[in-house]
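As the structure lists them, so they are numbered: ligands from 1, and atoms in each ligand from 1. Index from 1, following the sequence. Values below: every heavy atom of this structure, side chains too, minus hydrogens, waters and symmetry copies. Please read all numbers here as calculations on a predicted model, not as lab measurements.
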Amino acid sequence: MAGLSFQDVTHAYDGVEALRSFDLEVRDGEIVCLVGPSGCGKTTALRLAAGLEPLSHGNILVGGEHVSGGGRDWAPEERGVGLVFQDFALFPHMRVKDNIAFGLKGLDRATRQARVGELLEQVGLPGYGRKYPHMLSGGEQQRVALARALAPRPPVLLLDEPFSGLDVRLREEVRDLTLRILRDVGAAALVVTHDAEEAMYMGDRIAVMQEARLVQVGKPSEIYRNPASAFVAKFLGEVNWLHGIVTNGVVDSPIGRVDAGDIGEGEQVDVLVRPEGLKLCSEAHAVGRGAWVIANHPLGYVSLVTLRLDDGNELRARITGQDVPSPGQDVKIRFEPDAVFVFPCRADHERNQPLSG
Ligand code: ATP
């Protein structure tokens with residue numbers, strides 16, 4: 001069943017469009033990660049669901065019931081929605097236990113205390129109840145924020161860049177803990193992140209936004225392997241960006257002949273190649289387009305190899321194993337067809353658009 005549904009939601013701030021025809025369902029027990037570049041409307045979607053922003057058009061439902069639209073506009077605390085923000089947003093003058101108990105209304109003292117104790121255990125902070133937020137590390141504060149959001153057992157959890165205020169090591173630790181707890185409580189969770197890898201790690205599904213619209217929703221592996229556009233392909237991972245023209249259903253691209261799918265004859269296309277989809281062979285008689293190795297950076301399990309093709313195009317390849325060619329060496333390139341995507345040419349601004357969130 002749908003824990004959280006957006007139906008045809010459109011929203012603008014003083015004429016600035018932040019969401020357009022936004023349709024998304026997050027089912028009970030599901031984690032959906034909402035990703036996209038800065039300013040594409042991710043936080044607006046969360047704020048509308050939380051009731052922090054009045055809805056202009058469309059409907060938002062929690063557990064199948066309207067909370068915005070359809071004549072309803074429920075207050076944030078009535079919606080059954082828990083919120084976790086990037087900056088933790090704890091009350092500085094309240095002890096940890098009181099921060100957590102803040103949303104627990106209508107319970108007697110003993111029951112409230114028991115629930116707070118249970119939540120502190122759940123987020124791995126037993127015995128922290130009497131501390132104040134300033135006495136905690138960033139990771140601990142974020143765990144308290146999570147406990148506070150979970151306290152009233154909301155059917156929906158909204159998390160806005162919950163780990164981006166933490167350093168890399170803490171981020172992984174708090175993220176894994178959060179993931180485990182979200183699975184345990186079985187709420188519908190919508191997580192905003194600008195980090196595509198984090199979205200693939202956490203999300204049962206990923207919803208990709210671009211300029212106020214959802215452009216693709218699906219399982220992480222589906223989106224990574226079958227991006228709907230060059231934008232999505234680039235957002236989800238590094239690509240080499242080449243060009244070509246469709247002739248007899250194929251593109252004679254700089255790395256070789258690539259199937260053009262149903263793109264029309266004579267059309268200019270973008271050919272995107274994942275670095276891990278390139279294979280290099282240094283044997284003179286090997287088949288493939290010729291290239292010259294410019295640089296080779298060993299990164300542990302993989303090496304990042306920069307190449308110049310005979311036609312002048314530069315590419316990056318991620319190569320595993322011992323047999324990595326050295327700078328100055330001539331090689332032949334082959335590619336995995338699954339790691340190559342062909343799309344009709346888009347304007348250059350899309351190619352160069354910054355993707356950080
Ligand atoms: P980021 O990743 O940088 O947080 P975002 O994808 O969450 O971005 P939003 O914060 O939802 O994007 O903003 C979407 C658009 O709405 C942007 O153009 C932003 O400038 C605009 N916007 C957001 N909040 C307001 C506001 N309160 N008043 C006016 N414009 C706003």
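- Between M202 and F163 there is a side-chain heavy-atom pair separated by less than 4.5 Å.
- When the options T43, V192, L34 are ranked by their closest heavy atom to atom 10 (O) of ligand 1, first place goes to T43.
- Checked by distance only, ligand 1 and E17 stay at 3.5 Å or farther apart across all their nitrogen or oxygen atoms.
- Counting heavy atoms under 4.0 Å from ligand 1, residue V16 touches it through the side chain alone.
- At under 3.5 Å, not a single nitrogen or oxygen of A18, backbone or side chain, sits near a nitrogen or oxygen of ligand 1.
- Closest heavy-atom approach to atom 6 (O) of ligand 1 among the candidates Q86, E53, H194, K42: K42.
- Ligand 1 has no N or O atom lying under 3.5 Å from any N or O atom of E161, backbone or side chain.
- Screening R183, R27, K219 for a salt bridge (charged side-chain N to carboxylate O under 4.0 Å, His left out) with D204, the sole residue that qualifies is R183.
- A perpendicular orientation is assigned to the rings of F6 and F22, their planes being inclined by more than 60° (bins at 30° and 60°).
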Evaluation steps, side chain to side chain contact (heavy atoms under 4.5 Å, CB included), between N59 and L61: CA-CA 7 Å; N59 300 295; L61 291 80; 3.9 Å; yes

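- Heavy-atom contacts of P37 reach the following atoms of ligand 1: 6 (O) (cutoff under 4.0 Å).
- At least one heavy atom of C40 sits closer than 4.0 Å to an atom of ligand 1.
- For the pair M200/Y224, a side-chain contact is recorded, criterion being any heavy-atom separation below 4.5 Å from C-beta on.
- The salt bridge (charged side-chain N to carboxylate O under 4.0 Å, His left out) test with R289 singles out one residue from D330, D252, D310, and that residue is D252.
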